[in-house]
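First comes the structure, then the notes that go with it.
Just so we're clear, the structure is a prediction, and the values are computed from it rather than from any experiment. Count residues from 1 along the sequence.
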Amino acid sequence: MRFTFTLLCLCLSLFAFSQIQRGDHIITLSGPGASSYGAQSSTAGDLGGILFDFDTEVSQFSLQPTYGYALTDRWVVGGALGITSSRYPASAGSGDLNYWDVRLNPYVRYYAVNHERFGLFGQIGTGLGANKNGVYGLEELNLRGGLQFPLLAGIRVGPTLDYTIRNRNNYLTLGGTIEIVLNRASGEEGKPTAGFKAGSIMLGSQLLQATSTRSILTGAVNVGGHYFLTDRFAAGLSVGAGGGRYDLGTAANDRSFRTSQMSASLSGRYYFTTNRNLVWYGEAGIGVGRLAYRSDVALGDLPIDRNDFSVFGGVGAQWFLRENLALETGVKINRNLVNDSWGTAVSVPVGVRFFLR
């Protein structure tokens, strides 16, 4: 669940107007998928992507759109489609490990309050899917409540609270969402164009989430974006941190497994074209990260302390759906240094960017 809790967003919401109307199409931004690798800049891989690691020969693919349709001004039906596929090469004594999963999470949402400057909704959903082990489904029930505020015309942000009921564990998750509302009169004539200017801000998905169960407690935050120094050049910054505690033992024999992670990156992006519906760019940057695993008892190779350093670059394109909204994809190459060993990966993220001008 992705969310931007900034003072700027709150100030802008005072002047923005956005209300769900019958016939609206709602896209919920999810987080980085298979296209994420190492300590990189704020990714636009909200809708999925492809990753291939040349050194480990690990390959991953993901497609994860979340779509909703407003039946009325208060009722919305939709769902999240998740398609993932991973391949891990053979290791000593074993063959290739191939994994795939297709999952559908339908939901029904009702807006108790649907005002131009404020929305309050309740939502109920479930999940079903299939993988190489067979078909599964209807094994969980998700209850969600959320608040929404307009960030820009057609873009709503707000906190969410989820309670997921499963066979063995129930999950309580505090997070947030960024949702894009399409098929609404925007007042724009003709094709929207990329009219960048100094001072513009470009954002993608953001992450702020905390999850709690009887035996698991996790939290993560990852925020970032780009600031335009000129009408063609933008500086990118991304910072993130996360961690978790997993209780593996019993009341009589306490055993726990803990993780912590920190990352940061800086990048520069130059647009080869501008003031067009379809624009092209190049980007390069560096990133640093630290990952730690701890356990109270001997468990595999633990403890682990890993320091990452990455150099990345690539080219991509943005197709503008509105003046403040664009689809983005591209090819990124990442050279990642992990504990004195270099690795190389290529990724193709697909996602959404929106702009504060």
Side-chain angles (χ1 to χ4, degrees), residues 1-31 42 44 46-47 64-80 105 107-125 142-162 173-188 192 201-209 221-225 320-328 351-357:
M1 292 164 220
R2 282 63 197 165
F3 189 50
T4 309
F5 288 99
T6 65
L7 179 60
L8 176 61
C9 294
L10 292 176
C11 291
L12 285 171
S13 69
L14 297 177
F15 303 98
F17 296 87
S18 182
Q19 185 177 15
I20 299 297
Q21 300 173 4
R22 178 181 178 182
D24 282 345
H25 302 270
I26 302 171
I27 307 297
T28 303
L29 298 189
S30 57
S42 175
D46 315 299
L47 305 180
Q64 48 190 22
T66 301
Y67 169 80
Y69 179 78
L71 297 176
T72 70
D73 292 353
R74 292 184 179 272
W75 286 99
V76 175
V77 296
N105 293 87
Y107 70 79
V108 177
R109 176 186 299 180
Y110 177 76
Y111 280 89
V113 179
N114 184 23
H115 192 267
E116 289 182 337
R117 291 185 173 177
F118 172 75
L120 171 66
F121 70 86
Q123 179 176 303
I124 184 170
N142 175 260
L143 305 175
R144 168 179 289 189
L147 302 176
Q148 290 185 331
F149 305 92
L151 175 61
L152 295 169
I155 300 177
R156 298 161 67 93
V157 302
T160 57
L161 181 64
D162 287 75
T173 302
L174 174 64
T177 59
I178 298 175
E179 292 195 334
I180 298 169
V181 183
L182 301 174
N183 197 31
R184 172 176 301 173
S186 62
E188 300 174 2
I201 298 175
M202 177 174 64
L203 299 173
S205 67
Q206 316 289 312
L207 172 63
L208 177 58
Q209 180 173 307
V221 57
N222 191 358
V223 296
F320 276 76
L321 305 176
R322 291 179 178 163
E323 294 290 344
N324 64 353
L325 179 66
L327 291 176
E328 177 178 302
V352 178
R353 296 286 191 177
F354 57 94
F355 299 82
L356 310 178
R357 304 179 191 273

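A distance of 12.5 Å separates CG in Leu152 from CD in Glu323, rounded to the nearest 0.5 Å. Here Arg109 contributes atom CZ and Trp75 contributes atom CH2; the two are 12.0 Å apart, rounded to the nearest 0.5 Å. Rounded to the nearest 0.5 angstrom, Phe354 CZ and Leu203 CG are separated by 4.5 Å. Remark: Arg144 CZ to Tyr107 OH distance equals 9.0 Å, nearest 0.5 Å. To the nearest 0.5 Å, atom CG of residue Leu29 and atom CD of residue Gln64 are 10.5 Å apart. Atoms CD1 and OG1, from Ile26 and Thr66 in turn, are 11.5 Å apart once rounded to the nearest 0.5 Å.
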**OP:** Could you check Phe118 against Phe149 for ring pair (Phe, Tyr, Trp, His ring centres under 6.0 Å), going step by step and ending with a plain yes or no?
**Re:** CA-CA 5 Å; Phe118 172 75; Phe149 305 92; 5.7 Å; yes
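A 4.5 Å side-chain heavy-atom check between Phe121 and Asn114 finds every atom pair outside the cut-off. Inter-residue side-chain proximity for Thr160 and Gln123 is flagged as unmet; no heavy-atom pair is nearer than 4.5 Å. Leu327 places a side-chain heavy atom less than 4.5 Å from the side chain of Val352. No side-chain heavy atom of Asn105 sits under 4.5 Å from any side-chain heavy atom of Asn142.
Taking every heavy atom of both residues into account, Arg117 and Pro150 meet most closely at O-CD, 3.5 Å. Taking both residues in full, the closest heavy atoms of Arg322 and Ala153 are given as NH1-O, 3.5 Å, listed atom of the first, atom of the second, then distance. Nearest heavy atoms, Ile178 versus Gly204: CD1-O, 4.0 Å. Looking at every heavy atom in both residues, Ala326 comes nearest to Phe355 through CB-CE1, 4.1 Å.
Side chain of Asp24 to main chain of Val181: no donor-acceptor pair is present (N/O by atom type, distance under 3.5 Å, no hydrogens or angles).
Sorted by first then second residue, the salt bridge (charged side-chain N to carboxylate O under 4.0 Å, His left out) pairs that include residues 68-80, not counting sequence neighbours, number zero.
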